[in-house]
Amino acid sequence: MSTAKYDIVVVGSGPAGQKAAVMAAKAGKRVAVVEREQGLGGGCVYRGTIPSKTLRETALSLDRIKRGAQAFECRLKEGIEVGILMHRLAEVVEAHSRYMTAQLKRNHIAFLHGCCKFVSDHVLELTTVDGLTQALQADVIVLAAGSRPKAPHNVPVDHEHILDSDSILSMIYLPKSLAILGGGVIACEYASIFSLLGVAVTLIDLSDRPLRFMDEEIVQRFLHAFIDHGGRYIGQAHIESVRWDGVTSVVTTLAGGDIIKAEKMLAALGRQPNIDDLDVEMAGLSSNERGFITVDRNGQTSVPHIYVVGDMAGPPSLASAAMEQGRRAVAHALGTPVESADHYIPMGIYTIPEIASVGLDEPKARARFRNVIVGRAAFDEVAKAQIAGTNGGLLKLVAGPDGRQILGVQVVGEHATELVHLAELVLLNGNPVDTFVESIFNFPTYAEAYRIAALDIVKQRSKIEPLAKAS
Amino acid sequence: MPSQTAKEMTAEVRQSFAQALEERVANGTVQLPLLPRVATQVLSLVNDPNSDAAKFAALIHQDQALAAHVLRIANSPAYMPKVPIVSLQHAVSMLGINLLSEIAFTVSLKAGTFQAPGFEQDLEVMWWHAVASGAYAKEVAKLKRHNLESAYICGLLHAIGKPIVLNICVKLGKELGVTLDQGSMKSLVEDHHVQVGLLVGEKWALPAQVREAIAHYQQYDQAQTFKQEVMMATVADRFASFILGLEDMTVDVLYDHPAYADLNLYPKDLAALVSAQDMVKKLVNSMSV
């Protein structure tokens, strides 16, 4: 078996691996990326972000058409194929793949198609799809092999009636009803997409509300929109059993005896890292009780030259966070200083409506500063949202006790994932709340919500300032 | 016209026979079988949200032979019922309407389509191959974490043109007074089954992915849509041929195909497919109606 030597080998070509490889190559290192799938991009491109967002865009387009043509009673035809709803997927994936291939070539990064496992802490054995093997020796190894849907023992996923987030995208017809298990990002994204497409969606979760890690007020707005589109949320639900009844329905029995029937089910109960085939023990590593390899804030493992980034490192399982983790890991390995941006990694959830957050939300800010001032801008007050008919949103601007320092921003509503970047820059630059009052915004825009929220803070501040002076 | 025997058959006769077949296929004058009535009803019942076990059982009961076959298959080792299945309602509750309808569809398909007097053995092999391909297509779909819904039917029907061409040739031979030899028949089947399969696909209004699998399973790279399903049918076809001992295929020959790499199946995936052969063989045996 021949041995190829590299400075850095990156396992996985998703967002984390890609950024890690480019960072290393730009530093002049000899880099190889190993990918078990045929194309670049990992699960993000083929099974996750890109396909689900393509479906989401179609759902939104159809909804806009329906809203704009209610007079014509425009309706989605029955039995529509899911593949048709993702008609632009192949183009999008191809364009993405082309761009990433060019990026790798431009940076002289070797792309190796195959799966690999550790032989020792510096050597990986690569097996190609044809069964040929090769040894890869590297000074630094970055594991970015991603994750796959978790298979809960009491949910018999058969990829036919009970699907996971991989197989749901190859579902043929839109079902009339869909039960979704889980309350995380994937569950909520698919719940809102299928609900908007006219499927009767029931979201079932252990928790009293979905997206527990997000500000409650923001999540309630999302839930309101979801229910408004015909969705149903069943919280605090303990699942006793899930079974396909063999006739027409997936039957979910909850503790207490409640039964929920749906034509199909999506099990979205978390993800597990793709560690199994890597033989990490050969490198002196082991997975922890949660199935992940323990890493520090730089993605470094207990074996100093091996890093784990992206979904493999655990939540938040967001492409944006994964990219930063990949970049940071390689910078650390090369001894390059990295700006401390990790407090301000924005979080974007592509539900309908979108949800985004950066910095501290209200509960976390209150836990740290006790008294905080929160400015709110309901999209009902934003002219752009009124024009577009998307006025269910809310932007929350969280400021410190003095009402000047910005601590974080949370948004639910159209373009939330774009809007949040403005707050990210303001946070990174340490700008005060007044920046939003003194700046001129285009009109009408969604960004106007920042000024409305900032003015709300200024108003509250003006009430507490005389009291502060008096005391 | 006196009948010519295989010995008398010349290249010229073979050529004129093939030409007659081609002309009839091209101008649509060949008699294509109807999708068996029960199979049609089974399909519509499966797609009917108001269907239930009783309706399904009643449908199968209409055809005594089919009911007997379905019960026998449901009790076969391939489905391993925990207790003997004694009625169709019982079968539905044990195996589910989808699995039962899969069985009923498959059985009625054979009864209605795999007919060509004098070529029973060839038909039997084609039948085993179809069932094994269906089962293998499901196994490949599972490995790929792909929805299984269409995999079985793509595998089962990808070469549906073969028995139908065989049937047409037998009828045409009678009409022209020609008795074809095995070799000529095989080459006619190979040459025309895709074209005829597509005609049947159209006549039976088969789903688009099945028609794409029929059209391109031999050259999957030419498929414009449903490429994954077509590649799965290609792989299923190959594994079915292997486990049935057709085409003198060794493991090395089996593994030598670009479809695996294009479907991103690694050696361990192929090994998993090979190891599924006992299960597939059981299914094939159970479906030998």
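Here the structure is a predicted model, which means the values were calculated and not measured. Letters go in sequence order (proteins before strands), and every chain restarts at 1.
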Please round to the nearest 0.5 Å and tell me the distance separating atom CD of A:Glu160 and atom OG of B:Ser150.
9.5 Å
Are the side chain of [X] and the backbone of [Y] linked by a donor-acceptor contact shorter than 3.5 Å?
X	Y	result
A:Ser170	B:Asn147	yes
A:Gln38	B:Ala261	yes
B:Tyr266	A:Asp130	no

Please name the residue in the list A:Leu163, A:Asp164, A:Val157 that meets the side chain to side chain contact (heavy atoms under 4.5 Å, CB included) test with B:Arg145.
A:Asp164
Is the count of non-hydrogen atoms from other residues, nucleotides or ligands lying under 6.0 Å from [X] atom [atom1] greater than 12?
X	atom1	value
A:Glu281	CD	yes
B:Lys227	NZ	yes
B:Glu202	CD	no
B:Lys203	NZ	yes

Checking A:Asp158 against chain B: side chain, backbone, both or neither under 4.5 Å from a heavy atom?
backbone
Interface moiety of A:Thr128 toward chain B, non-hydrogen atoms closer than 4.5 Å
backbone
Who among B:Leu100, B:Leu265, B:Asp262 has the most heavy-atom pairs with chain A under 4.5 Å?
B:Asp262
Is A:Asp166 salt-bridged to B:Lys144, going by a charged N under 4.0 Å from an acidic O?
no
Among residues at least two apart in sequence or on other chains, which ones pass side chain to side chain contact (heavy atoms under 4.5 Å, CB included) with A:Thr133?
A:Met1, A:Glu125, A:Thr127
Go through A:Val129 and B:Asn264 one step at a time and tell me if the side chain to side chain contact (heavy atoms under 4.5 Å, CB included) criterion holds.
CA-CA 6 Å; A:Val129 75; B:Asn264 215 42; 4.2 Å; yes
Counting only non-hydrogen atoms closer than 4.5 Å, does B:Asp256 touch chain A with its backbone (N, CA, C, O), its side chain (CB onward), both, or neither?
neither
Does any heavy atom of chain A fall under 4.5 Å from the side chain of B:Leu270, the backbone, both, or neither of them?
neither
How close do A:Gly131 and B:Pro267 get, counting heavy atoms only, and between which atoms?
CA-CG, 3.4 Å
